[in-house]
Each structure stands twice: as C-alpha cells, then as structure tokens.
Amino acid sequence: MHREAITITKKERATIRDVALKAETSVATVSRVLGDSGYNVSPRLRKRVLDAARELSYIPSVAARNLKGIESQDIGLVIPNITNPFYMQTIQGISAVCFERNYHIIICNSARSVEREHEFLERLYNRQVRGVILSSVDEEQKSVSEFLAKGMKIVQLDQRFENDACACINYDSGLGAQMAVKYLWDKGHRRIAFASTPLTRWTRKAVLNGYRAQMEAFGLTVSEDLLYISEPGDAFESGSYEMDAGSGIAKQMLARGSDVTAVLCVNDMVAFGLIAELHRSGVRVPEDISVMGFDDIPFAESFMPALTTIRCPSYETGRLAAMMLIDELVPGHKSSNLNLSLQPILVERQSVRALK
C-alpha cells in the first residue's frame, strides 16, 4: 500500500483523518487507539497510530469527544471572590490534584451573585462538565438542588447545606471562633467585638455562633454594640470588597466612640481593612486596640502588624475537594457524600496585646 504524503501547515490543525492516512489505517481504528477504548489492536499498529498522531501534533477536539459521549476531563470551580487570597490558595490545591489526575479546571467567579452562580452552573452543565466544586452564595440551596437532580456531581466548599445528596468540605469555623475568644480572654480582654461582611454564608454564621457561644460561656453579654455587620456591597466586581467592609466597620466604631478592647474579624481581609482605617485615624494596633483575623492567608504574616489569626488550611482543603470530586466521577463509584470538617489552628503574631 502506498503511503499518502501528509503535510500540515502551521496554520492548519491535523484531523483524525490525517492521522489515519499517515498511519495507513482507518479513522475508526485511530479513534479506538487514541480513545483507549480497549479495542484489540496489535502493538505494532497501535505504535504506528501513536507515532503518526505525535508527528502531526494531533489534538483531539473536545467538542467531538463530547458528541461521541466520551467523558469530559473538565471540572468546574465556582467561587464567590477570586481576589481573596484564601480562594487563590484553595485553587492551587485543586490545580495540583487535577494535574496529577489529568483533569482541567474551569474557574468561574460568581462575584457573590446568586444569579451569576446559577448561570455558571448552567453553562458548565451544557458544556458536558459533570463535576463541580462549589462555594455557593445561594442561601436557598437552589443552585445545588437543581443541578444535583440533573445528575451533576457537586462538592460543597466552605459551605454546607443540610439534606443535600453531595459531599462537602469545610472547617470547624465555630470552634475557630471559640478558640479566638478564649485567646483574647486569656489576654485580659472582656469587651470583644465581632466584625463581619453580611451574614449570607454558612461559614460566617458559624463564626458568629462560635463567638457568641464562647462569650456566653465566659459570662460575657453579646450586646448589639459589639456586633458590626457590614451592609451588602453594590459593586460585585470590587476586588477590595472585604477590605472596604473592614474599613467601613472601623469608621462605625470610631463614630460610636466604641470602648471595645479587641475585635474578632470574620476573615483576614476584613481585618486588614479595619486595621488600615484605624491607622489612618491615629488608632494603633495593638497598643490601642487588638485585632484578630480568620483564615491565615499568605499576607497575614507580612502585614503590619503581623496578624494574629485562626488558620484554616486552604491549600489542603482544595486538594481534598478535588480528590473527593474526581473520585465521584469515576464510573461505578458509589457516592459516599462525605462531610469533612478540618480543624482550625490559632496562630499568634503581633496584632493582639495582653491587658494589664
């Protein structure tokens, strides 16, 4: 058989037919070899097909694979704030596992919008993406329940809905808040405030509940003048949303003439904004007021003053979330709907002082 010469210019993309011609076989055989279908092909023919594909730099069409019913190697990641370093660390953990297991991530930033989150899930579903790691902002569980019913596999990240048939991974945020309040108590603080972005997330509510529980355990009343909850932001795309919330809370505290000696913030970004605004107003941290964060993002150690905070292992969480989801996508895998809660760690630095 005469081998037909195949020449592909730089602007052209090799097709499966080009590979078949170069390998002197049929398109069906090339498809079976490259699709690793288990079809019985001689080692010599298999090598010829693989060599031809490599020489032509053949890249299978994802669209064509989907049309043929071949499982997608894409997973979705829907998060509410891509500018928060906490999520960037989580993405690194997810990315590491996806690389190890030959999956690809499609990252979607919902910008704290329920409508946008739902639209992203719809688009991912339409693209044949059957697995998603979701940090949902939908309090009504609409996004999760609807797509679970369609057969999409979902791992909830930094969120938890009761009675949903999917796995979830988060932190014991309530315990973290209790640890923070106890630490401040041990340092002599009694007027301890709580600062947070809007309580629209399960995690934020858990932190508040842990704060309340530990304050009450010490016999401390949680009065309204100790709670600083920012209003929902209008600018969803603002990269400084959480820092702006912290700054606004600091202004409220100063305007009220608050007598609190310490503040527990719902995350490090809020703490950064609060400390920066206090500094601009001549209030020193920790000399005049102590501040604690929550998350321990990479900047916490290099911030001035270095932030005392509660560490939540974001990178490890990302890895676990990816492993849980990819395991769910394995054909024949029996869903276990695991609910993992990682333990927080208190990290002591320089933003809290002991009262005499």
Side-chain angles (χ1 to χ4, degrees), residues 86 171-197 199 203-230 242-243 245-297 299-312 343-356:
F86 171 82
Y171 318 101
D172 193 336
S173 300
L175 174 61
Q178 290 177 288
M179 292 166 61
V181 172
K182 183 179 185 304
Y183 173 78
L184 293 170
W185 167 277
D186 290 341
K187 293 292 184 180
H189 297 275
R190 300 296 181 265
R191 292 283 292 167
I192 304 169
F194 177 74
S196 177
T197 44
L199 300 173
T203 307
R204 297 173 195 165
K205 294 175 183 177
V207 176
L208 174 58
N209 290 339
Y211 160 83
R212 283 185 180 277
Q214 194 61 49
M215 290 283 283
E216 291 170 1
F218 287 139
L220 303 176
T221 301
V222 180
S223 53
E224 287 301 313
D225 64 329
L226 291 180
L227 300 179
Y228 292 86
I229 314 298
S230 69
E242 289 159 309
M243 289 188 65
S247 175
I249 288 171
K251 290 176 182 177
Q252 289 182 44
M253 294 177 63
L254 294 169
R256 292 183 191 178
S258 176
D259 64 346
V260 302
T261 64
V263 184
L264 170 61
C265 297
V266 77
N267 64 35
D268 291 347
M269 296 292 281
V270 170
F272 293 163
L274 186 142
I275 292 172
E277 186 61 41
L278 291 175
H279 177 75
R280 284 190 288 270
S281 301
V283 179
R284 301 167 301 166
V285 175
E287 292 83 359
D288 300 322
I289 187 171
S290 294
V291 177
M292 280 195 71
F294 210 100
D295 284 344
D296 194 27
I297 62 177
F299 302 138
E301 188 172 10
S302 57
F303 194 77
M304 294 296 289
L307 189 65
T308 295
T309 187
I310 299 295
R311 175 179 296 162
C312 298
Q343 297 303 294
I345 300 170
L346 193 147
V347 180
E348 184 176 20
R349 295 195 179 102
Q350 286 82 50
S351 64
V352 173
R353 78 178 182 96
L355 300 182
K356 295 181 180 179

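Small disclaimer: the values here were computed from a predicted structure and weren't measured. Just the heavy atoms: all of them, side chains too, but no hydrogens, waters or symmetry mates, feed the values below. One is the number of the first residue; the rest follow in order along the sequence.
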For a quick test of reading the model, state the closest non-hydrogen atom pair linking [X] to [Y] and the distance between them.
X	Y	answer
Thr197	Ala245	CG2-CB, 3.7 Å
Ile310	Pro344	CG2-CB, 3.5 Å
Gly188	Leu355	O-CD1, 3.4 Å
Phe294	Ser173	CZ-O, 3.6 Å

At what distance, to the nearest 0.5 angstrom, does [atom1] of [X] lie from [atom2] of [Y]?
X	Y	atom1	atom2	result
Arg204	Ile229	CZ	CD1	10.0 Å
Leu226	Ile192	CG	CD1	9.0 Å
Lys251	Leu254	NZ	CG	10.0 Å
Leu208	Leu264	CG	CG	9.5 Å
Ser351	Ile289	OG	CD1	11.0 Å
Met304	Ile275	CE	CD1	11.0 Å

Check whether [X] reaches the backbone of [Y] with its side chain - one donor and one acceptor, N or O, closer than 3.5 Å.
X	Y	result
Arg353	Glu287	yes
Arg191	Val260	no
Asp268	Ile297	yes

Could you walk me through whether Phe299 and Phe272 pass the ring-ring contact (aromatic ring centres under 6.0 Å, His included) check? CA-CA 10 Å; Phe299 302 138; Phe272 293 163; 7.2 Å; no
Is there side-chain contact between [X] and [Y], with heavy atoms separated by less than 4.5 Å?
X	Y	result
Glu242	Phe86	no
Asp296	Arg349	yes
Met253	Val263	yes
Glu348	Lys187	yes
Tyr183	Thr308	yes
Phe218	Val181	yes
Leu227	Tyr211	yes
Trp185	Arg190	yes

Check the pair His189, Val352 against side chain to side chain contact (heavy atoms under 4.5 Å, CB included), reporting the backbone distance first and the verdict last. CA-CA 10 Å; His189 297 275; Val352 173; 4.2 Å; yes
Would you say Gln252 has more than 12 foreign heavy atoms packed within less than 6.0 Å of its CD?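 Enclosed.
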